[in-house]
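Just follow the structure's listing: the first ligand is 1, and inside any ligand the first atom is 1. Computed from a predicted model, the values in this text were never measured in an experiment.
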Amino acid sequence: MNFYNINNPSEQVSLKEAVLKSVTRVSDLYMPEYIPMLSSEFFNKLNNTSLQEIACNVTKVMLGQDIPDISIENIINRALNFEIPLRQLDKNLYVLELFHGPTLAFKDIGARFMAGLFEYLLRNENRETTILVATSGDTGSAVANAFFNCKMVKVVILFPAGKVSNIQEKQLTTTGGNITALEVDGDFDDCQRLVKLAFSDAELNSRLNLTSANSINFARLFPQSFYYFYGLSQLAATNKPVVFSVPSGNLGNLTAGIIAKKMGLPVHRLIASTNVNRCVPEYLLNGRFDPQPTIHTITNAMDVGNPSNFRRILDLYNNQYNLISTDIKGYWFTDEQTLRAMNDLQNRYLYQADPHGAVAYLGLKEYMERNDCCGIFLETAHPSKFPDEVEKATNKKVQIPETLKDLMALKKGSVKMPNSFASFRDYLI
Ligand SMILES: *Cc1c(COP(=O)(O)O)cnc(C)c1O
């Protein structure tokens with residue numbers, strides 16, 4: 001499969017280049033030159049297929065010309081060693097739980113597949129590659145966990161000192177081995193700035209073989225399509241149209257759902273559910289895309305004022321607004337509505353959701369008021385990752401999973417870093 005750069009479609013690159021080389025230029029967005037269709041046999045036996053088998057089938061259709069089947073199976077079996085269960089809350093209401101991976105957020109799915117793919121693509125290299133990641137929390141945790149012990153790869157994570165949650169800090173700073181956490185005396189934007197400066201420094205790049213693992217990388221986006229198929233495979237037979245509601249920030253998750261639909265997934269619509277960073281729902285209403293400065297909310301993993309995957313969505317629909325706004329509906333909600341939704345889910349269905357999942361539930365409810373359908377909302381984080389908001393909204397203690405208790409007992413290991421490129425550069429060299 002060749003990949004083209006949306007910014008310059010005549011620039012075609014291999015899978016290896018799309019994934020490893022060019023991602024350091026932040027504006028690059030690669031897409032496969034076509035979206036392949038899955039066979040009718042695949043869909044006929046979907047109900048009896050495991051998550052791992054579904055993921056292998058989907059990957060073989062997309063990347064089977066580039067990676068041998070046995071390597072695809074290895075990557076998938078190592079990456080997806082946990083369940084993604086669909087739970088029924090009401091007659092036509094379901095929640096798909098994406099948070100059963102090691103860092104308890106759905107970013108594990110993309111990061112773990114990506115780590116396996118990196119290892120495969122780097123198998124014949126004799127030089128180490130250094131991945132730089134700036135994180136406000138969840139991404140860095142998932143990447144640290146996924147790349148731990150990955151051969152020929154070193155990971156350097158930059159996070160803002162004092163600005164990530166306790167759990168996130170533990171997840172970022174206790175891995176050790178080939179993973180280093182730098183605690184930057186600044187905010188997330190400063191971390192991002194340092195990473196961008198490093199990528200544009202030619203000497204650093206050639207000495208350290210720098211690359212990125214950010215969310216615009218196709219290797220993180222693509223595996224997120226697996227669970228749309230798997231969600232549907234677990235659904236009891238229904239003759240109603242099926243819709244998925246996606247709690248959206250940078251739109252990686254939603255884009256993966258659109259790719260699944262284009263690969264043949266029989267899903268009627270996708271719902272983009274957002275917080276007050278609402279440029280996508282507004283675009284879907286009026287056709288104007290008007291990115292805004294980011295507003296901070298309790299669903300902080302969705303605090304994105306200018307989502308980078310938006311251009312991928314335009315590209316998937318050849319810029320045709322009428323097609324986009326038919327397939328995708330969008331709704332946005334305030335923090336107050338989100339807190340009330342968590343309370344509502346607890347009282348009506350005895351379901352304790354995290355704030356991000358609660359936004360997806362709100363979007364689905366809004367849609368279902370006007371449309372008869374069978375709805376699935378995506379729950380992207382375990383509620384224990386946001387204990388304050390969840391306990392406040394539900395009046396109920398959150399259950400802390402055992403793995404998290406073990407993690408909290410580990411000792412933090414990070415390197416303090418001033419907010420200066422000269423110091424960061426010295427450190428890297
Ligand atoms: C990253 C994240 C999101 C947003 O996903 P996008 O793919 O960026 O739209 C939603 N919920 C949680 C918990 C996340 O970590």
Handout entry: Heavy-atom neighbours of K397 NZ exceed 12 at 6.0 Å
Key = no
Ligand 1 to P247, heavy atom cutoff 4.0 Å, flagged ligand atoms 4 (C), 10 (C)
At under 4.0 Å between heavy atoms, what of A105 touches ligand 1? The answer is neither
- Message: Would you say that more than 12 heavy atoms from the other residues, nucleotides or ligands in this model lie under 6.0 Å from the CG of N166, or not?
- Response: no
Discussion item. Please determine whether any non-hydrogen atom of F106 lies less than 4.0 Å from an atom of ligand 1.
Written reply: yes
TODO: Return yes or no for this condition: an N or O of T380 is under 3.5 Å from an N or O of ligand 1.
DONE: yes
Could you check whether K416 pairs with D185 (Lys NZ or Arg NE/NH1/NH2 to Asp/Glu carboxylate O, under 4.0 Å)? no
Per-atom filter on ligand 1: closer than 4.0 angstrom to a heavy atom of G252 are 6 (P), 7 (O), 9 (O)
Here the atoms of ligand 1 under 4.0 Å from any heavy atom belonging to A381 are 13 (C)
If we number the atoms of ligand 1 from 1 as shown, the ones under 4.0 Å from a heavy atom of S248 are 9 (O)
Would you say the rings of H100 and F82 are close, in the sense that their centroids are separated by under 6.0 Å? no
E336 CD: over 12 foreign heavy atoms closer than 6.0 Å
no
If we number the atoms of ligand 1 from 1 as shown, the ones under 4.0 Å from a heavy atom of N250 are 6 (P), 8 (O), 9 (O)
Practice prompt. Flag this pair as yes if the NZ/CZ of K262 is under 6.0 angstrom from the six-membered ring centre of Y317 and inside a 45 degree cone about the axis; otherwise no.
Written response: yes
Ligand 1 to D138, heavy atom cutoff 4.0 Å, flagged ligand atoms 13 (C), 15 (O)
Backbone or side-chain N or O of A301 under 3.5 Å from ligand 1 N or O:
no
So the atoms of ligand 1 within less than 4.0 Å of a heavy atom of N253 turn out to be 7 (O)
Ligand 1 atoms nearer than 4.0 angstrom to some heavy atom of G249 are 4 (C), 6 (P), 8 (O), 9 (O)
**Study point:** Under 3.5 Å: N/O of M302 near N/O of ligand 1
**Key:** no
The complete set of side-chain hydrogen bond (donor to acceptor under 3.5 Å, both in side chains) pairs with one or both residues in residues 356-365, sequence neighbours excluded, reads D344-Y361, D344-K365, D354-H356
Q.
Please check whether Q224 reaches ligand 1 - meaning an N/O of the residue sits under 3.5 Å from an N/O of the ligand, judged on distance alone.
A. no
Notebook entry, point to check: Do other residues, nucleotides or ligands put more than 12 heavy atoms under 6.0 Å from Q88 CD?
Noted result: yes
_With nothing but distance in play, are any N or O atoms of D354 less than 3.5 Å from an N or O of ligand 1?_
no
Going by the 4.0 angstrom heavy-atom rule, the piece of K385 near ligand 1 is neither
Flag if over 12 foreign heavy atoms under 6.0 Å of NZ, K60:
yes
